[in-house]
Number of protein chains: 2
Amino acid sequence: MKSGPDIALVASLVGDPARANMLTALMNGRALTASELAQEAGITPQTASSHLAKLEAGGLVEPEKQGRHRYYRLTDDDVASVLEGLAGLAARTGHMRVRTGPKDPALRRARICYDHLAGDLGVQMLDSLRERHLVRQKKQDIELTAEGERFLAKHLQISPGMLTHPRRPVCKACLDWSERRHHLAGTLGAAMMQRFAELKWAARDATPGSRVVNFTRTGEKQFAALFGDGKH
Amino acid sequence: MKSGPDIALVASLVGDPARANMLTALMNGRALTASELAQEAGITPQTASSHLAKLEAGGLVEPEKQGRHRYYRLTDDDVASVLEGLAGLAARTGHMRVRTGPKDPALRRARICYDHLAGDLGVQMLDSLRERHLVRQKKQDIELTAEGERFLAKHLQISPGMLTHPRRPVCKACLDWSERRHHLAGTLGAAMMQRFAELKWAARDATPGSRVVNFTRTGEKQFAALFGDGKH
DNA sequence: ACAATGCTTCGGCTACCATCGAAGCATGAA
DNA sequence: TTCATGCTTCGATGGTAGCCGAAGCATTGT
């Protein structure tokens, strides 16, 4: 009676069609809510809940609570790699998977989330801050580094004193609705968005109720200069 | 109704405990017979047959017929890599697999298979020949290259004329019983073994019925000089 | 030719697990 | 507070797939 290898357990988690659909839906690195994953897999929420509990127990996905929602993402790149490998094996025996991309126009580009910047540019901004060690992120907690403070003072005239608030944290990771990755919230996120408006880099769309944020031509340039990812 | 990704299909193949046991048993690159795999998985041969058919249809294993037996091996390194990845994911959630190594003493090292060399050294020899492009191997068919002929003439005084036979091929891949990888059979394999004996590099064990081949001290050195894998 | 071995196919049984309806919590909004 | 939304737990059902016994080919050896 040799000790069973749990390779079978992990594989069987991926082996169910519903769970496999969920996992492939998460492959782009973004997080999805439980009910969205249910719809993605074509099953009811209660069934999805059961599946997600198993995936979590198996260490394939990690939940993140945000209000009433429960966002799920792949735990790390290792999981994604294995899924990629499985997809590769599956591909050469015949089948290929076609994924649908995002369809929305400008709302995904930049919009207001409460009082801070969200959308593609918002995510890009936090990515840039993190990559250049201007902030440190551990899960949902973000803290400003010393270099970060200098950077804000120099380029955006934001001083630490402006950011203190009795109940609200300076930095907070907020899950982006369209990108499904984190952008920057908290008093700093709000202050930066306000500064962008004051500098005439961007403004909320005029149409009432719209959350779209329109960047000016020069604003876009300045933003890219500060937070560009080098690909542009 | 989106086209189903067959990632689930492949994963479900690995997801069954019996099949997972078979696959992990094949992870060392050696080939095993259907009944051996059945025993490895703790199931009856007819059940194993069903599993192996599925694994073959899924492109995870490849069969090779040899006499009454049917040897199975992993199709390629990609499959092994994915299995490795799955094992890695499984490992960090708790479980680890311990594999038993080979137990036999000298029979695995070197022995006679009909009239040619088998065992660790036999496999090592064919590996060396293939790696140095002295032979070309495609599945079970092996052919001697021009460099190979020169090599044989120079180091072992074997000329192509000695190898012709009305019914028997010059080269043939023979599945090694202990190593479960190919070694060299055919008239060339026999001629080389015969030459090793003539050169007093090796001799069949004296005990009657034994298939063990004993290498002399100098013989081992000479053999390693010609076919060593560089690791010694 | 006959027997033995290795593997496969067939048929029926059983057990597991995905699935959904209904009800129960939790969070946020009015 | 009360209502609505999102998610989970519970219980029951049904389909599927693993499993083995028996029989059928294929190959090898005598």
Side-chain angles (χ1 to χ4, degrees), chain A residues 4 8-23 26 31-58 60-73 113-114 140 167 174-175 177 180 185, chain B residues 4 6-23 26 31-58 60-73 113-114 140 167 174-175 177 180 185:
Chain A
L9 199 154
V10 179
S12 68
L13 286 177
V14 190
D16 179 79
R19 286 193 290 260
N21 281 330
M22 294 179 174
L23 291 171
L26 294 173
L32 294 170
T33 69
S35 38
E36 283 171 326
L37 287 169
Q39 186 181 1
E40 193 78 27
I43 54 180
T44 58
Q46 59 267 34
T47 305
S49 179
S50 162
H51 284 312
L52 287 169
K54 287 172 186 170
L55 289 176
E56 186 184 346
L60 296 183
V61 301
E62 266 180 354
E64 178 175 338
K65 268 184 84 166
Q66 187 104 356
R68 286 190 281 215
H69 297 278
R70 226 177 133 96
Y71 285 88
Y72 284 91
R73 72 172 77 252
C113 175
Y114 297 96
Q140 300 193 54
R167 303 184 33 164
C174 181
L175 208 41
W177 174 73
R180 300 316 161 91
Chain B
D6 261 355
I7 173 179
L9 200 154
V10 180
S12 68
L13 287 177
V14 190
D16 180 78
R19 286 193 290 263
N21 282 330
M22 294 179 174
L23 290 171
L26 294 172
L32 294 170
T33 69
S35 37
E36 283 171 325
L37 287 170
Q39 186 181 1
E40 194 76 28
I43 53 181
T44 59
Q46 57 269 36
T47 305
S49 180
S50 161
H51 284 311
L52 287 170
K54 288 172 186 170
L55 288 176
E56 186 184 345
L60 295 184
V61 300
E62 265 181 355
E64 179 175 336
K65 267 184 85 168
Q66 187 104 356
R68 285 188 281 216
H69 297 275
R70 224 179 136 97
Y71 284 88
Y72 284 92
R73 72 172 76 251
C113 175
Y114 296 98
Q140 299 194 55
R167 303 184 33 163
C174 181
L175 207 42
W177 174 74
R180 302 313 165 89

Exercise. Closest to the B:Ala34 side chain: D:dG6, C:dC20, C:dC7?
Worked result: C:dC7
Problem set entry | Atom-to-atom span, OH of B:Tyr72 to C1' of C:dT8 - whole angstrom | 9 Å
Exercise. Checking side-chain hydrogen bond (donor to acceptor under 3.5 Å, both in side chains) for the pair A:Gln46/A:Ser49: CA distance, chi angles, key distance, verdict?
Worked result: CA-CA 5 Å; A:Gln46 59 267 34; A:Ser49 179; over 6 Å; no
For this session: With the side chain counted from C-beta on, respond yes when B:Leu37 and B:Tyr72 share a heavy-atom pair under 4.5 Å apart, and no when they do not.
Result: yes
Seminar exercise, completed: When rounded to whole Å, the CD1 to P distance for the pair A:Ile43 and D:dG14 reads 20 Å
For this session: To the nearest Å, give me how far apart CG (B:Leu13) and P (D:dA17) are.
Result: 11 Å
For this session: To the nearest Å, give me how far apart CD (B:Gln46) and P (C:dG11) are.
Result: 15 Å
Exercise. Roughly, in whole Å, what's the span from CG in B:Leu37 to P in D:dC19?
Worked result: 14 Å
For this session: Check whether any side-chain N or O of A:Lys54 sits under 4.0 Å from OP1 or OP2 of C:dC17, and answer yes or no.
Result: no
Exercise. Quick one: on DNA chain C, does A:Gly42 or B:Ala53 contact a more 5' nucleotide (nearest heavy atom)?
Worked result: B:Ala53
Problem set entry | Separation of atom NE2 in B:His69 from atom P in D:dT27, rounded to whole Å | 14 Å
Seminar exercise, completed: Of B:Thr47 and A:Ser49, the one whose closest nucleotide on DNA chain D sits nearer the 5' end is A:Ser49
For this session: Using only side-chain N and O atoms of B:His51, determine if any of them is under 4.0 Å from OP1 or OP2 of D:dC19.
Result: yes
Exercise. Can you tell me if the side-chain N/O atoms of A:Lys65 get under 4.0 Å from OP1 or OP2 in C:dT27?
Worked result: yes
Seminar exercise, completed: Separation between OG (A:Ser35) and CD (A:Gln39), nearest 0.5 Å, reads 8.5 Å
For this session: Supply the atom-to-atom distance B:His69 NE2 to B:Leu32 CG, rounded to the nearest 0.5 angstrom.
Result: 12.5 Å
Problem set entry | Trace of the salt bridge (charged side-chain N to carboxylate O under 4.0 Å, His left out) decision for A:Arg70 with A:Glu56 | CA-CA 12 Å; A:Arg70 226 177 133 96; A:Glu56 186 184 346; 3.6 Å; yes
Problem set entry | Short side-chain N/O contact from A:Arg70 to OP1 or OP2 of D:dT8, under 4.0 Å | yes
Exercise. Roughly, in whole Å, what's the span from CG in B:Leu9 to C1' in D:dA17?
Worked result: 13 Å
Exercise. Atom CD of A:Glu56 to atom P of D:dT9: distance rounded to whole Å?
Worked result: 10 Å
Exercise. Which of the following nucleotides, D:dT8, C:dT8, D:dT27, is nearest to the side chain of B:Arg68?
Worked result: D:dT27
For this session: Return no unless some side-chain N or O of A:Ser50 is found under 4.0 Å from OP1 or OP2 of C:dT19.
Result: no
